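Proteins get letters first, then strands, A, B, ... in listed order; numbering begins at 1 in each. None of the values given here were measured: they were computed from a predicted structure.
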Protein chains: 2
Amino acid sequence: MNADAIRGHLDGMLLAVLEEGPLHGYGIIEALHRRSGGTLDLPTGTVYPALRRLERAGWIDGSWSTVGGRKRRTYTLSRSGRGELARRRSEWIRFSGVVGSVLGGAT
Amino acid sequence: MNADAIRGHLDGMLLAVLEEGPLHGYGIIEALHRRSGGTLDLPTGTVYPALRRLERAGWIDGSWSTVGGRKRRTYTLSRSGRGELARRRSEWIRFSGVVGSVLGGAT
DNA sequence: AGTGATAAGTAGGCTGTCTACTCATAGGTT
DNA sequence: AACCTATGAGTAGACAGCCTACTTATCACT
């Protein structure tokens, strides 16, 4: 999975994972790995800054906690985050339709 | 259509357009516009450097000609370009499947 | 002379993802 | 005791593709 390909599509995926419930960064990386059938194995250097970006945008809320002696930052999808997720989903439909039709063969 | 979303997926679309036959840069931009139902309206500053990149990679061959007093650079899909296009197509299937399944709801 | 379409290109900026690293705790092995 | 792995979060800097804004050129039409 190429880095350029993912670009611009990660945010939506992060929001989608958080739609199922609050989760911390490390858990989100694992969830992405699981949900993608093992294809997505994103480095922390990609995901953590992305989560901070989403937080700054107000789409997710983060809070610190300590579990098993380790500090976690758990993120929750905000109301505006839900709106953003819906927007990203419709954008994806549009985008994938366009690329599919131009590329041919694929959906 | 966001710039980040397109990133990494343009090359494949360019190769796909050239699969139908040789075409010059300006014509390729129009073909993309037409094939995408008017959605893709890529600036020359994006497409021309991309075509040069594909040419350097050996996936397309370019040659100058003059039509109606105007100079054109017409590109042809090379043999290795066909292979690359096939690779891009299967990558797209994979990628869109992963994003779709993570994003949920879509495709 | 001016405008718009056709045709190609370059320079520089922006930004998201990546690599490579630091810091920290817990548990298990040697 | 020393080491390794997993868990957990983060930063700095590099890379690269797409963008905006610009230049150059020809032709047709007003």
Side-chain angles (χ1 to χ4, degrees), chain A residues 1-15 22-34 36 39-57 59-60 62-75 88 91 95 98-99 102, chain B residues 1-15 22-34 36 39-57 59-60 62-75 88 91 95 98-99 102:
Chain A
M1 192 66 58
N2 190 17
D4 287 322
I6 289 164
R7 184 153 170 165
H9 304 286
L10 175 60
D11 292 6
M13 291 193 283
L14 294 173
L15 296 174
L23 200 57
H24 62 293
Y26 195 86
I28 291 171
I29 292 175
E30 288 183 320
L32 285 172
H33 187 75
R34 202 175 52 249
S36 65
T39 301
L40 284 179
D41 205 357
L42 300 173
T44 63
T46 293
V47 176
Y48 291 143
L51 288 169
R52 289 301 195 163
R53 203 168 54 236
L54 297 182
E55 195 181 5
R56 269 202 310 279
W59 297 325
I60 62 178
S63 65
W64 288 103
S65 63
T66 303
V67 176
R70 295 188 191 90
K71 290 207 168 188
R72 288 180 171 184
R73 189 158 183 85
T74 300
Y75 296 98
R88 299 279 180 156
E91 259 178 49
F95 173 77
V98 164
V99 175
V102 172
Chain B
M1 194 65 60
N2 191 16
D4 287 323
I6 290 166
R7 187 155 168 165
H9 303 287
L10 176 60
D11 292 7
M13 291 194 283
L14 293 174
L15 296 175
L23 200 56
H24 63 293
Y26 195 85
I28 291 171
I29 292 175
E30 289 183 319
L32 285 172
H33 187 75
R34 203 174 51 249
S36 66
T39 300
L40 284 179
D41 204 358
L42 299 174
T44 63
T46 293
V47 176
Y48 291 144
L51 288 169
R52 289 301 196 166
R53 202 168 55 236
L54 298 183
E55 194 181 5
R56 269 200 311 279
W59 297 325
I60 60 177
S63 64
W64 288 103
S65 62
T66 303
V67 176
R70 293 190 191 87
K71 289 207 167 187
R72 287 180 170 182
R73 189 160 184 83
T74 300
Y75 295 98
R88 299 281 180 153
E91 260 178 48
F95 173 77
V98 164
V99 175
V102 172

J.: 5'-most contact on DNA chain C: B:Pro49 or A:Ile6, nearest heavy atom basis?
T.: B:Pro49

J.: Determine whether a donor-acceptor pair (N or O, by modelled atom type, separation under 3.5 Å) exists between the side chain of B:His33 and the backbone of B:Thr39.
T.: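 A pair under 3.5 Å: no.
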
J.: Calculate the interatomic distance between B:Asp41 atom CG and D:dC18 atom C1'; express it in whole Å.
T.: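 Rounded to whole Å, this separation is 14 Å.
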
J.: On DNA chain C, nearest-nucleotide positions of A:Thr44 versus B:Val67: which is more 5'?
T.: B:Val67

J.: Out of D:dC19, D:dG10, D:dT7, which nucleotide sits closest to the side chain of B:Thr46?
T.: D:dC19

J.: Can you check the A:Arg73 CZ to D:dT11 P distance for me, whole Å?
T.: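 Whole-Å distance recorded here is 11 Å.
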
J.: When you measure only distances, ignoring hydrogens and angles, does the side chain of B:Arg70 come within 3.5 Å of the base of D:dA25 through a donor and an acceptor?
T.: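 For B:Arg70, whose side chain was compared with the base of D:dA25, there is no donor-acceptor pair (under 3.5 Å).
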
J.: In whole angstrom, give the distance that lies between atom NE2 of B:His24 and atom P of D:dT26.
T.: 17 Å

J.: Within this structure, what is the NE2-to-P distance between B:His9 and D:dA16, rounded to whole angstrom?
T.: 18 Å

J.: Scan B:Arg7 against the nucleic acid and name what it touches under 4.0 Å (heavy atoms): base, sugar-phosphate only, or nothing.
T.: base

J.: Taking any atom closer than 4.0 angstrom to a non-hydrogen atom of chain B, what span of DNA chain C does the protein reach, first nucleotide to last?
T.: C:dA5 to C:dG16

J.: Side chain of B:Arg72, backbone of B:His24: donor and acceptor closer than 3.5 Å?
T.: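 Side chain of B:Arg72 to backbone of B:His24: no pair is present.
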
J.: Passes side-chain contact (heavy atoms from CB on, under 4.5 Å), A:Tyr26 versus A:Tyr48? Steps please.
T.: CA-CA 9 Å; A:Tyr26 195 86; A:Tyr48 291 143; 4.0 Å; yes

J.: Is there a side-chain contact (heavy atoms from CB on, under 4.5 Å) between A:Asn2 and A:Arg7 once you walk through the steps?
T.: CA-CA 9 Å; A:Asn2 190 17; A:Arg7 184 153 170 165; over 6 Å; no

J.: Can you tell me if B:Ser36 uses its side chain to pair, donor with acceptor, with the backbone of B:Leu32 under 3.5 Å?
T.: yes

J.: Applying a 4.0 Å non-hydrogen cut-off, can you work out what B:Gly68 is touching in the nucleic acid: base, sugar-phosphate, or nothing?
T.: sugar-phosphate

J.: What is the distance, to the nearest angstrom, from the CE atom on B:Met13 to the P atom on D:dG17?
T.: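 Going from B:Met13 (CE) to D:dG17 (P), I get 14 Å.
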
J.: Assign the ring pair B:His9 / A:Phe95 to parallel, tilted or perpendicular, where the plane angle (0 to 90°) is split at 30° and 60°.
T.: perpendicular

J.: Can a donor-acceptor pair be found, under 3.5 Å and without considering hydrogens, that links the side chain of B:Glu55 to the backbone of B:Ile60?
T.: no

J.: Mind checking B:Gly27 for me? I need base, sugar-phosphate or nothing, with any heavy atom below 4.0 Å counting as a touch.
T.: nothing

J.: Give B:Gly69 one of three labels, base, sugar-phosphate or nothing, depending on what nucleic acid heavy atoms sit under 4.0 Å from its own.
T.: sugar-phosphate

J.: Start at the 5' end of DNA chain D and walk down; is the nucleotide closest to B:Gly8 or to A:Thr74 reached first?
T.: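 Looking at DNA chain D, the more 5' nearest nucleotide goes with A:Thr74.
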
J.: In whole Å, I'd like the distance from the CH2 atom of B:Trp64 to the P atom of D:dT24.
T.: 16 Å

J.: Between C1' on D:dC18 and CG on B:Leu54, what's the gap in Å once rounded to a whole number?
T.: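 B:Leu54 atom CG is separated from D:dC18 atom C1' by 14 Å.
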
J.: Rounded to whole Å, how long is the line connecting atom CG of B:Leu42 with atom P of D:dG17?
T.: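 The answer, rounded to whole Å, is 15 Å.
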
